[in-house]
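Just so it is clear, the model here is predicted, and its values are computed rather than measured. Hydrogens, waters and symmetry mates play no part in the numbers below; they use all other heavy atoms, side chains included.
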Amino acid sequence: DVYKRQVRNLVILLRGIDAAEALQPLGNLIGHPHPKVQFEVIRTFLHFNDPRAERFLLRLIDSRDPAVVIGATRLAAGSRNPEIARRLAGLLGSRGFAEQELALKEAVIKTLAEMGCKEALPGLEAFIEGRNLFMSAALQRLKVAAVLSLGRYAVPAAHALAERLSHKQTGEIARAAGQVCRRPGGTQP
């Protein structure tokens, strides 16, 4: 534990002093067994706009460990990579509705809104319009949050999707879509 914290703190320190020359040896730490060290290495690569960061993020997004995927999802917020946006949006299509799965979907929705990539819109649409025989209140809230997130996408396709949803859906989802359509300064077709 002490070693892990020391390594993690060293990575944070190198990023804090803008030591770009440390990027090369830091690449060896991406395979570190502890996810927190891996996340700090990726955060450092993102800080320096190193293209390896996005490759590492894609690898972590495909992890079988839900905690690692949630961490990678949160790190991806600063990315504008269309492939990362598509992969994250694909996570919304998973069938699980356990607490950890809902937490992942919530993180994905927030990150995609920060990214604002139009490539995420088909996955968001599929999630919002997906039919579930037993929709929990938590899942309904996530769908409403996904609709409201459309207001953060500065692309006409997001406004068009909100417009379609406002006419096609009912209840809270339709109201949220209408709210996005009426928002001043939001996306315009």
Side-chain angles (χ1 to χ4, degrees), residues 1-94 100-127 142 145-146 148-158 161 185-187:
D1 272 347
V2 172
Y3 170 72
K4 169 194 71 184
R5 277 195 306 270
Q6 289 173 339
V7 171
R8 183 173 163 256
N9 290 341
L10 178 62
V11 173
I12 293 169
L13 178 68
L14 291 170
R15 182 176 64 242
I17 62 172
D18 276 336
E21 61 275 3
L23 287 178
Q24 189 60 37
L26 282 180
N28 296 328
L29 288 177
I30 198 58
H32 195 279
H34 200 279
K36 286 184 179 182
V37 173
Q38 292 177 11
F39 293 155
E40 289 305 330
V41 171
I42 292 172
R43 191 172 280 127
T44 301
F45 283 141
L46 287 168
H47 174 79
F48 289 107
N49 295 317
D50 189 298
R52 291 178 290 178
E54 293 179 338
R55 286 196 316 269
F56 296 145
L57 275 174
L58 286 168
R59 190 178 321 152
L60 292 178
I61 288 169
D62 290 339
S63 172
R64 292 190 183 273
D65 182 343
V68 170
V69 177
I70 288 174
T73 297
R74 291 181 177 138
L75 279 175
S79 174
R80 297 293 172 262
N81 183 308
E83 181 58 28
I84 289 176
R86 275 190 289 276
R87 282 277 180 95
L88 289 174
L91 295 175
L92 293 172
S94 65
Q100 194 168 37
E101 189 70 29
L102 292 173
L104 172 61
K105 290 178 183 186
E106 180 179 14
V108 166
I109 291 166
K110 288 179 181 178
T111 295
L112 289 175
E114 289 181 45
M115 291 175 73
C117 291
K118 67 181 179 187
E119 291 80 7
L121 294 176
L124 266 178
E125 182 175 12
F127 171 69
L142 281 178
L148 291 172
S149 77
L150 293 172
R152 306 241 349 243
Y153 290 76
V155 295
L161 175 55
T187 56

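One finds the CG atom of Leu13 at 13.0 Å from the CZ atom of Arg8 (value rounded to the nearest 0.5 Å). Here Leu142 contributes atom CG and Leu92 contributes atom CG; the two are 8.5 Å apart, rounded to the nearest 0.5 Å. Ile70 contributes atom CD1, which lies 8.5 Å from atom CD of Glu101 (distance to the nearest 0.5 angstrom). With rounding to the nearest 0.5 Å, the separation of CD1 in Ile109 from CG in Leu88 is 11.5 Å. Going from atom CD of Gln24 over to atom CG of Leu26 covers 9.5 Å, rounded to the nearest 0.5 Å.
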Intermediate values then yes/no, side-chain contact (heavy atoms from CB on, under 4.5 Å), Leu124 and Ser149:
CA-CA 10 Å; Leu124 266 178; Ser149 77; 4.2 Å; yes
So Leu60 and Phe39, side-chain contact (heavy atoms from CB on, under 4.5 Å) or not? Walk me through it.
CA-CA 9 Å; Leu60 292 178; Phe39 293 155; 3.8 Å; yes
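Looking at every heavy atom in both residues, Ile84 comes nearest to Met115 through CG2-CE, 3.9 Å.
Inter-residue side-chain proximity for Val155 and Leu121 is flagged as met; some heavy-atom pair is nearer than 4.5 Å. A 4.5 Å side-chain heavy-atom check between Leu58 and Arg87 finds at least one atom pair inside the cut-off.
Among residues at least two apart or in separate chains, side chain to side chain donor-acceptor pair (under 3.5 Å) pairs with a member in residues 42-51 are Arg15-Thr44, Asp18-His47, Glu40-Arg43, Asp50-Arg52. Within the structure, the side chain to side chain donor-acceptor pair (under 3.5 Å) test picks out the following pairs touching residues 114-126 (sequence neighbours left out): Glu125-Arg164.
With hydrogens and angles disregarded, a donor-acceptor distance shorter than 3.5 Å links the side chain of Ser94 to the backbone of Leu91.
Among residues two or more places apart in sequence or in another chain, the salt bridge (Lys or Arg N to Asp or Glu O under 4.0 Å) test is passed with Asp65 by none. The salt bridge (Lys or Arg N to Asp or Glu O under 4.0 Å) check on Arg55 picks up nothing, with sequence neighbours excluded. Applying the ring-ring contact (aromatic ring centres under 6.0 Å, His included) rule to Phe56 yields the partners Phe45; only residues at least two apart in sequence or on another chain are considered.
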Using atom types as modelled, flag every donor-acceptor pair under 3.5 Å from a side chain in residues 71-79 to any protein atom, sequence neighbours excluded.
| from | atom 1 | to | atom 2 | distance (Å) |
| --- | --- | --- | --- | --- |
| Thr73 | OG1 | Val69 | O | 2.7 |
| Ser79 | OG | Glu54 | OE2 | 2.9 |
| Ser79 | OG | Asn81 | N | 3.0 |

